[in-house]
Amino acid sequence: MIKLKSQRELAIMREAGAIVAGCHAVLKDYVKPGISTAELDQVAENFLRQKGATPSFKGYRGFPASICTSINDVVCHGIPGSQLLQPGDVISIDIGAYYKGYHGDSAWTYAVEPVDPKIAHLMAIGEECLYAGIAQAVDGNRMGDLAHAVQSVAEGHGYGVVRDFVGHGIGRDLHEPPEVYHAGEPNTGIRLTAGMVLCIEPMITMGDWRVTMDPDGWTVRTRDGSIAVQFEHTVAITDQGPEILTQLPGD
């Protein structure tokens, strides 16, 4: 069942979202050659706990870390460890914060400079896909409108849109109904309603959209080895239009 959020709940989720955004703001300055993904994970966990939050992902269904670190061909759910960032890499960092009984969730892809211009273009279009989807997160629209907007931007530039992993509702639980699709037909799917809070998180690939799972049961890669990017915001559907919850005040 889809849980519509009250104004009181949205106020708390804004706080949770701001903590996630603040964590991204700190982590992006650490994304440099030679740092390990385990070090990034520790920085993130320290930040979240200092803000009075706990990492949403740590222990979730057995996930062993506080953030997901997905490098190059890894689409999502990469596990932090000893791998060191190298010049030319891209890394998608997914952060969740549990605060006062509610979750915030956001992912962003960062370049380890210098990065190939083709990869920089993929990143730019991936971000554009996210905001195209957010623009359709309007009371009265359908899920297919959001999905089609994302797909149109990505495929218009020759990129793939991952279908196997989707966005989700969020609130007291990290994953709530409904599923949020990033490929589909307009005027199809469930009706979007004020009070819904959605994690819109398109995963865009430079090649084929199909993916494979590593033996660890978490790490998802592009089947053809192509580079992938992921951009995600937690978004509330309101009477005044979509409100991004995972950004710092003034952004």
Side-chain angles (χ1 to χ4, degrees), residues 5-31 40 43-57 66-70 76 90-111 123-139 141 146 149-150 153 166-172 174-176 180 182 192 194-204 229-251:
K5 307 305 185 294
S6 67
Q7 289 302 312
R8 181 192 66 81
E9 291 176 302
L10 287 177
I12 298 172
M13 294 190 74
R14 287 186 191 99
E15 293 182 86
I19 291 171
V20 172
C23 193
H24 272 290
V26 168
L27 274 186
K28 70 179 182 181
D29 292 332
Y30 284 84
V31 176
L40 294 175
V43 170
E45 181 169 357
N46 290 345
F47 180 90
L48 295 175
R49 295 193 185 279
Q50 287 168 4
K51 295 296 182 181
T54 56
S56 296
F57 304 158
S66 296
I67 60 174
C68 301
T69 51
S70 304
C76 61
V90 291
I91 179 171
S92 298
I93 300 177
D94 196 354
I95 303 170
Y98 183 64
Y99 182 74
K100 295 182 179 178
Y102 291 85
H103 294 272
D105 185 6
S106 173
W108 216 256
T109 299
Y110 302 97
M123 293 173 64
I125 299 306
E127 188 172 346
E128 184 179 336
C129 286
L130 170 63
Y131 288 108
I134 291 172
Q136 295 299 316
V138 175
D139 183 51
N141 275 4
L146 187 163
V150 172
V153 172
V166 298
H168 51 93
I170 188 170
R172 286 192 173 276
L174 179 59
H175 292 101
E176 297 181 354
V180 177
H182 305 115
L192 304 180
M196 287 182 178
V197 181
L198 308 175
C199 286
I200 302 170
E201 51 179 310
M203 303 164 206
I204 309 302
V229 299
Q230 180 188 19
F231 293 90
E232 174 187 17
H233 271 312
T234 299
V235 179
I237 299 175
T238 78
D239 293 332
Q240 290 75 45
E243 178 186 354
I244 298 172
L245 303 183
T246 41
Q247 62 183 7
L248 293 172
D251 283 355

Asker: Provide the closest heavy-atom pair for Ala137 versus Ile237 in the form atom of the first, atom of the second, distance.
Answerer: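 Result for this residue pair: O-CG1, 3.7 Å.
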
Asker: Per the side chain to side chain contact (heavy atoms under 4.5 Å, CB included) rule, which among Ile200, Ile244, Ile170 passes with Thr234?
Answerer: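 Testing Thr234 for a side chain to side chain contact (heavy atoms under 4.5 Å, CB included) against Ile200, Ile244, Ile170 leaves exactly one candidate, Ile170.
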
Asker: Measure the NE2-CG distance between His168 and Leu174 for me, rounded to the nearest 0.5 Å.
Answerer: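 With rounding to 0.5 Å, NE2 (His168) is 5.5 Å from CG (Leu174).
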
Asker: Give me the atom names and distance for the closest heavy-atom approach of Ala111 to Met123.
Answerer: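 In terms of heavy atoms, the two residues are closest at N-CE, 3.7 Å.
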
Asker: Once rounded to the nearest 0.5 Å, what's the spacing between atom CD of Glu176 and atom CE of Met196?
Answerer: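 Spacing of CD (Glu176) from CE (Met196) equals 11.5 Å.
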
Asker: For a quick test of reading the model, state the closest non-hydrogen atom pair linking Val138 to Pro242 and the distance between them.
Answerer: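 Scanning both residues completely, I find the closest heavy atoms to be CG2-CD, 4.2 Å.
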
Asker: What is the minimum heavy-atom distance between Val150 and Pro202, and which atoms define it?
Answerer: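 Val150 and Pro202 have their closest heavy atoms at CG1-CB, 3.7 Å.
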
Asker: Before giving the answer on side-chain contact (heavy atoms from CB on, under 4.5 Å), spell out for His182 and Cys129 the whole-Å C-alpha distance, their side-chain angles and the decisive distance to 0.1 Å.
Answerer: CA-CA 9 Å; His182 305 115; Cys129 286; over 6 Å; no

Asker: Less than 4.5 Å apart, side chain to side chain, heavy atoms only: is that true for Gln136 and Leu192?
Answerer: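 Side-chain contact under 4.5 Å: no.
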
Asker: Kindly write out the residues that satisfy ring pair (Phe, Tyr, Trp, His ring centres under 6.0 Å) with Phe231, not counting sequence neighbours, or none if the list is empty.
Answerer: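 In terms of ring pair (Phe, Tyr, Trp, His ring centres under 6.0 Å), with neighbours along the sequence ignored, Phe231 is linked to Trp108.
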
Asker: Can you measure from NZ (Lys5) to CG (Leu10) and round to the nearest 0.5 angstrom?
Answerer: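 These two atoms lie 8.0 Å from each other.
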
Asker: Nearest 0.5 Å please: distance from the CD1 atom of Ile91 over to the CD1 atom of Ile93.
Answerer: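 Interatomic distance, Ile91 CD1 to Ile93 CD1, rounded to 0.5 Å: 4.5 Å.
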
Asker: For the CG atom of Leu245 and the CG atom of Leu198, what is their distance to the nearest 0.5 Å?
Answerer: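 It comes to 10.0 Å.
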
Asker: What's the spacing between Arg14 CZ and Tyr102 OH if we round to 0.5 Å?
Answerer: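 Interatomic distance, Arg14 CZ to Tyr102 OH, rounded to 0.5 Å: 13.0 Å.
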
Asker: Considering only distance and modelled atom types, tabulate donor-acceptor pairs under 3.5 Å from the side chains of residues 49-56, sequence neighbours left out.
Answerer:
unit_1	atom_1	unit_2	atom_2	d
Arg49	NE	Glu45	OE2	2.9
Arg49	NH2	Glu45	OE2	3.1
Ser56	OG	Ala97	N	3.1
Ser56	OG	Ala97	O	3.4
Ser56	OG	Tyr98	N	3.3
Ser56	OG	His103	ND1	2.8

Asker: Locate the shortest heavy-atom distance separating Ala194 from Asp139; write the atom from each residue and the value.
Answerer: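 Between these two residues, the closest heavy atoms are N-OD1, 3.0 Å.
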
Asker: Does some side-chain heavy atom of Val20 sit less than 4.5 Å from a side-chain heavy atom of Asp105?
Answerer: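 A side-chain contact is absent here, since even the closest heavy-atom pair is not under 4.5 Å.
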
Asker: How about Leu146 and Val180: do any of their side-chain heavy atoms sit closer than 4.5 Å?
Answerer: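 Yes; the side chains approach each other to less than 4.5 Å.
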
Asker: What are the two closest heavy atoms between Phe47 and Ile19, and how far apart are they?
Answerer: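 Phe47 and Ile19 have their closest heavy atoms at CE2-O, 3.4 Å.
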
Asker: Could you tell me whether the side chain of Leu130 reaches within less than 4.5 Å of the side chain of Gln230, counting heavy atoms only?
Answerer: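 Gln230 does not reach Leu130 side chain to side chain.
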
Asker: Is there side-chain contact between Tyr99 and Leu48, with heavy atoms separated by less than 4.5 Å?
Answerer: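 Sidechains of Leu48 and Tyr99: no contact.
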
Asker: Test side-chain contact (heavy atoms from CB on, under 4.5 Å) on Val153 and Tyr131; report intermediate values, then the result.
Answerer: CA-CA 10 Å; Val153 172; Tyr131 288 108; over 6 Å; no

